[in-house]
Amino acid sequence: MTDTDDLFIREDPIFVNKELLEINHLPDEGRIVGRDEEIGQLANAVNPAIFGQSPSNVLIYGKTGTGKSLCAKYVSGRLIRTAEEEGVTTAYAYVDCAQDSTETQAVQTIASSLNDAAATGINIPDKGISTATYYKRLWTILDTRYDVVLVILDEIDKLDGDDILMQLSRAGEAGKLTSCKIGVIGISNKIKYKDRMDERVKSSLCEREFVFPPYDAQQLGDIMQARSDAFHEGVLDDSVVPRAAALAAREHGDARKAIDILRYAGEIAQSTGADVVREEFVVQARQRAETDRFRELIRGSTPHSRYVLQALTVLSLNEHDDEAFRTTRIYELYEQVCRQEGSESLSLRRVRDLLKEHAFLDVIEQSRYSGGSAEGSYTEHRLLEDPTVVQSVLADTID
DNA sequence: CCTCCACAGGAATGTTGGGCAT
DNA sequence: ATGCCCAACATTCCTGTGGAGG
């Protein structure tokens with residue numbers, strides 16, 4: 001091993017502290033921009049936990065990238081530290097309901113993230129046991145290890161039922177828990193989510209409600225400025241942050257997207273060997289952020305789910321004029337895709353459900369029509385993303 | 001107002017594969 | 001090792017739906 005091996009770059013010329021640009025990075029206090037009031041209210045709602053009492057349940061609304069999960073995690077984290085100083089043992093569990101959409105998966109995630117097999121002697125398997133068993137183990141874990149627990153349910157509207165909310169909010173009253181208290185922080189980006197909630201759940205979950213407004217270009221700029229320490233001194237061209245802020249502000253004030261753009265712009269600079277992040281990289285970076293979000297969405301989906309999407313994509317690419325297609329047309333093409341892949345096609349009924357799932361994840365949009373006189377009624381499906389983008393993502397998601 | 005069509009979607013039932021107790 | 005339980009996925013069967021034209 002010589003110390004003059006120049007095959008590898010020894011020091012990153014662009015980034016010093018790239019973690020600052022990770023999506024899940026929790027900034028220190030003072031780095032959360034424009035959410036002081038919300039943080040204060042949130043803290044106030046969960047404050048009783050510090051004395052070992054039940055925190056208020058909270059529902060947070062706001063579009064994606066308005067800092068909802070960030071603030072929820074941040075407040076929960078500080079609560080745990082403060083409670084500890086008071087001799088109260090607390091913890092929080094974070095569940096992304098888009099990923100764990102069934103009741104079972106969500107309970108499993110909560111239980112396994114709060115469990116410590118060494119301390120409790122309880123094992124939480126990934127699958128194979130009943131929902132009731134997961135609950136039973138979760139209650140035991142909570143009672144033996146904690147005084148108060150906060151459960152953050154992100155994208156709660158993606159959950160397939162209210163059952164888990166019911167269980168969590170009633171656990172104490174139903175005698176399932178003897179000493180531990182539970183607080184639920186629900187996060188939704190659909191305001192109307194509340195309307196379709198069970199009345200009993202609604203009254204207990206919605207003790208406090210907050211709405212997070214989108215960030216404006218100024219705030220987005222501040223947010224990125226606060227994280228610009230991720231880059232080496234002088235590497236960021238002065239025009240980069242304002243440009244990225246303007247782009248992200250135009251797209252509904254999504255801070256997550258703004259930070260993604262900044263990171264990608266840096267990576268583009270890195271891979272092209274540039275020593276400065278230039279303004280023109282920002283535009284390319286935006287494109288890349290878009291495909292990345294989408295790739296994440298379809299990464300977890302089953303092959304047939306992707307074939308269905310593939311069928312719709314091919315239709316959209318071939319016929320630019322009309323961009324919405326009937327279920328049956330998609331199904332015909334889907335059968336063709338299956339033959340190419342050497343796979344047995346699923347039933348029409350099942351494909352209808354798969355399409356509905358895509359609609360739920362905002363990948364496609366469905367609208368129902370009636371043909372009128374003896375023409376029946378039908379549903380049309382439209383891709384929400386650029387077909388060429390979908391095509392390229394599908395192509396390299398082969399695994 | 002009723003019919004007719006092309007499909008939507010609810011319900012029941014079957015299949016698969018993993019964890020669990022014995 | 002073996003049978004059992006259960007969630008997730010899939011199929012089959014069937015009833016429900018909307019609006020132009022009779």
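Hydrogens, waters and symmetry mates are skipped; everything else that's a heavy atom, side chains included, is used. The chains referred to below are lettered A, B, ... by the order of the sequence lines, with proteins before strands, and numbering in each begins at 1.
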Tell me the interatomic distance from A/Tyr369, atom OH, to B/dA8, atom C1', rounded to whole angstroms. 15 Å
What is the distance, rounded to the nearest whole Å, between atom CD of A/Glu344 and atom C1' of B/dT16? 16 Å
Rounded to the Å, how far apart are A/Tyr378 OH and B/dG9 C1'? 18 Å
5' priority, DNA chain B, between A/Thr379 and A/Gly372 [closest heavy atom]: A/Gly372
Find which nucleotide of DNA chain C each of A/Gly371 and A/Arg368 is nearest to by heavy atoms, and output the residue with the more 5' nucleotide. A/Arg368
Taking only side-chain N and O atoms of A/Arg326, does any of them lie within less than 4.0 angstrom of OP1 or OP2 on B/dC7? yes
Only residue of A/Glu280, A/Arg278, A/Glu279 satisfying side-chain hydrogen bond (donor to acceptor under 3.5 Å, both in side chains) with A/Ser239 is A/Glu279
Gap between atoms CZ and C1', on A/Arg352 and B/dG10 respectively (whole Å): 12 Å
Is the NZ or CZ atom of A/Lys63 positioned over A/Phe212's six-membered ring, under 6.0 angstrom from the centre and within 45° of the axis? no
Carboxylate-amine/guanidinium contact A/Arg368 A/Glu380, below 4.0 Å: no
Given the rule in the side-chain contact (heavy atoms from CB on, under 4.5 Å) test, do A/Arg326 and A/Thr379 qualify, once you have shown the distances and angles that lead to the verdict? CA-CA 6 Å; A/Arg326 287 197 185 200; A/Thr379 305; over 6 Å; no
Over all strands shown, is A/Arg329 touching base, sugar-phosphate only, or nothing at heavy-atom distances under 4.0 angstrom? nothing
Near-ring test A/Phe231/A/Phe15, centroid separation under 6.0 angstrom: yes
A/Phe325 CZ to B/dC7 C1', in whole Å, measures 18 Å
Please confirm whether the shortest side-chain N or O distance from A/Thr327 to OP1 or OP2 of B/dA8 is below 4.0 Å. yes
Detail all sub-3.5 Å separations between protein N/O atoms and N/O atoms belonging to nucleotides 6-13 of chain C.
| from | atom 1 | to | atom 2 | distance (Å) |
| --- | --- | --- | --- | --- |
| C/dA7 | OP1 | A/Thr131 | N | 3.4 |
| C/dA7 | OP1 | A/Thr131 | OG1 | 3.1 |
| C/dA8 | OP1 | A/Thr102 | OG1 | 2.9 |
| C/dA10 | OP2 | A/Arg350 | NE | 2.9 |
| C/dA10 | OP2 | A/Arg350 | NH2 | 2.7 |
| C/dT11 | OP1 | A/Ser347 | N | 3.3 |
| C/dT11 | OP2 | A/Ser347 | N | 2.8 |
| C/dT11 | OP2 | A/Ser347 | OG | 2.8 |

NA contact type, A/Ser377, heavy-atom cut-off 4.0 Å: base, sugar-phosphate, or nothing? base
Quick one: A/Tyr134 OH to C/dC5 P, roughly how many Å, whole number? 18 Å
Can you spot which of A/His304, A/Arg329, A/Gln310, A/Arg339 makes a side-chain hydrogen bond (donor to acceptor under 3.5 Å, both in side chains) with A/Tyr334? A/His304
Under a single-linkage definition using a 4.5 Å side-chain heavy-atom cutoff for Ile, Leu, Val, Met, Phe, Trp and Tyr, are A/Leu59 and A/Leu165 assigned to the same hydrophobic cluster? yes
Length of the line joining A/Tyr331:OH and B/dA8:P, which is rounded to integer Å: 12 Å
Of A/Glu380 and A/Asn123, whose nearest nucleotide on DNA chain B comes first from the 5' end? A/Glu380
